[in-house]
There are 2 protein chains.
Amino acid sequence: MHSRKVASDIQERIKRLIIDGRLPSGAPLPTEAELMELLGVSRNSVREALKALQAMGIVEIRHGFGTYVGAMSMAPMIEGLTFRTVAGHYRGEDSLLQLLELREALETGLLTRLVGRVPDADLAALDALVERMAAEAERGPVRAETDRAFHAALYRGLDNQLLSEVLEAFWDAFHRVRTDLVDGTPDPQVTCEQHREILAAVRAGDTLRAEAAIRDHFGNIRTRLRSAARPAPD
Amino acid sequence: MHSRKVASDIQERIKRLIIDGRLPSGAPLPTEAELMELLGVSRNSVREALKALQAMGIVEIRHGFGTYVGAMSMAPMIEGLTFRTVAGHYRGEDSLLQLLELREALETGLLTRLVGRVPDADLAALDALVERMAAEAERGPVRAETDRAFHAALYRGLDNQLLSEVLEAFWDAFHRVRTDLVDGTPDPQVTCEQHREILAAVRAGDTLRAEAAIRDHFGNIRTRLRSAARPAPD
DNA sequence: AAGAGTCAGCTGCTCTAACCAACTGAGCTA
DNA sequence: TAGCTCAGTTGGTTAGAGCAGCTGACTCTT
């Protein structure tokens, strides 16, 4: 009776090993054989538990080398979020739009607290990114990486690792789904100008202007999304 | 050479089954035995793949009954986020504060678009929640569920399922970690009054006032968190 | 002696085969 | 008719064997 759920206990116990041992990311975990003995379960159960923990980014498994404490990044969340959005999209929901709305709300909320507090180094980096995007826009579509880097650099000054990763996760999931399922890419020139305006507003310390700028930016993406909607391509 | 990663392929193929089949949440998946044959792999591999998908909330496994398409909620994200925050906390990082900052940014960003657009039904529900919290505050600590319900009901009107779930996930992870690791619970009376003020501002359609109110609310929690910080309890 | 190739040993990965445990539903019993 | 029992299905767990990738020390060549 006391051992009602033998299975998921193993996951918890492995988590405990990490927590109680104050193990940092990258620290080696016991081998499968050691875990078998340590936890008193079969190898198979150990592996299933590790597989689940791996899916959550809590452990990292390297074939022929060993098992390690994972980076605990938001990477697994991207997987789940992407799948969820794709599945929802195919079922005719506006899941991609919802994801965009989530990004917009978050970035808007961050921007107001960011204005006037961006380190000079980041401003310089943002300048460079806007210029790079301008150059790319001349010659056709903008590299996705450039857009991602802009959004990432913008909020770097908040010095919040979790925040950066969550933002990036949302960006990534959105980008993946959009490129896979829709072909409504916004006009590169317009996007570039909007980035420039956001940066200018932030540098000027004008909260309202910055908020308007970022809403414009997302509004642009949203419009393109709506017009290019083709929920169930076969 | 063509089958470099035999393992993770299985996960992808099962995902495909769901996507291509347009399977809605709750739809039954093939049994383990059927998947063995269908994918041409051993039962063990099938189970490991399912275990990973389960950890991501993509499938739901019911002992003795079958395997089903999962709800794809943000529940697994809560797990990962909670663990990450706890681990970071024990290592002396301000992970809990970062999580709070994330919530604050998101709720702030949402609030500005919410003001004046909350359905009457939700306003009534929020009224009731504030009153319930007031009654509870009289007799001591407020039930966590009441606070959660308030934050959930506030953004219900945006009609964005993803948004609601992400907010709830963040709330949940934060709450779990705080109750486990810190004992800096804010004054119930103050919290209640702040909820009342947020609601009043939203009802009045005053964006600035609402923004200030929600910042006050989070500022209060943050202060309590900082003062009660005890990063590494043994 | 220095470098490159090899191989033994770790590690995780996959498979097979058997049995245990939870749930369902048809059939039996009262 | 109401409730129980039991057989069948499904997932859960264990065991043992062999495969596959990586590392590092050993050996052979230069």
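Lettering of chains follows the sequences in order, A, B, ..., and the numbering in each one begins at 1.
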Would you tabulate the pairs of protein nitrogen or oxygen atoms and nucleotide nitrogen or oxygen atoms of nucleotides 17-20 of chain D closer than 3.5 angstrom?
unit_1  : atom_1 : unit_2 : atom_2 : d
dA20(D) : N3     : H63(A) : NE2    : 3.2

Can you tell me if T67(B) touches the phosphate of dT10(D), counting only side-chain N or O atoms and a distance under 4.0 Å to OP1 or OP2? no
Proximity to the side chain of E32(A) - top-ranked nucleotide from dG12(C), dT14(C), dT14(D): dG12(C)
What's the NZ-P distance between K51(B) and dT14(C), to the nearest Å? 17 Å
Report the distance from atom CG of L35(A) to atom P of dT13(D), rounded to the nearest whole Å. 16 Å
Let me spell it out: for each of N44(A) and G66(A), pick the nucleotide of DNA chain C with the closest heavy atom. Which residue's pick is nearer the 5' end? G66(A)
What is the separation between atom OH on Y68(B) and atom P on dC23(C), rounded to the nearest whole Å? 12 Å
Residue whose closest nucleotide on DNA chain D lies nearer the 5' end, V41(A) versus F65(B): F65(B)
What is the distance, to the nearest angstrom, from the CG atom on D9(A) to the P atom on dT13(D)? 10 Å
Taking NZ, NE, NH1 and NH2 as the nitrogens, is one of them in E93(B) or R91(B) under 4.0 Å from a carboxylate oxygen of the other? yes
Reference residue L167(B); test side-chain contact (heavy atoms from CB on, under 4.5 Å); the match among L158(B), L110(B), L154(B): L110(B)
Between T185(A) and R224(A), the two heavy atoms sitting closest are O-NH1, 3.5 Å
Quick test of your reading of the model: are K51(B) and E48(B) salt-bridged, counting only N-O distances below 4.0 Å? no
Smallest separation among heavy atoms of Q98(B) and D159(A), with atom names: NE2-O, 4.3 Å
Side-chain N,O (S45(A)) to OP1/OP2 (dG12(D)) below 4.0 Å: no
Got a sec: does the CG of D127(A) have more than 12 other heavy atoms crowding it under 6.0 Å? yes
In terms of side-chain heavy atoms of T31(B), which of dC15(C), dT14(C), dT10(D) is nearest? dT10(D)
Specify the residues of residues 52-59 of chain A, ordered by number, for which at least one heavy atom lies under 4.0 angstrom from an atom of DNA chain C. none
Can the ring centroids of H175(A) and H151(A) be said to lie less than 6.0 angstrom from one another? no
Please confirm whether the shortest side-chain N or O distance from R47(A) to OP1 or OP2 of dC13(C) is below 4.0 Å. yes
Quick one, E101(A) with R113(B), criterion side-chain contact (heavy atoms from CB on, under 4.5 Å). Give me CA distance, side-chain angles, the key distance, then yes/no. CA-CA 11 Å; E101(A) 195 170 19; R113(B) 104 173 38 190; 3.2 Å; yes
Tell me the interatomic distance from R62(B), atom CZ, to dA22(C), atom C1', rounded to whole angstroms. 13 Å
Specify the separation, in whole Å, of atom CD1 of I61(B) and atom C1' of dT10(D). 11 Å
In whole Å, what is the span from the CD1 atom of I10(A) to the P atom of dT14(D)? 6 Å
Nearest whole angstrom, please: distance from the P of dG12(C) to the CD1 of I14(A). 11 Å
Look at the aromatic rings of H195(A) and H217(A) and report parallel, tilted or perpendicular, splitting at 30° and 60°. perpendicular
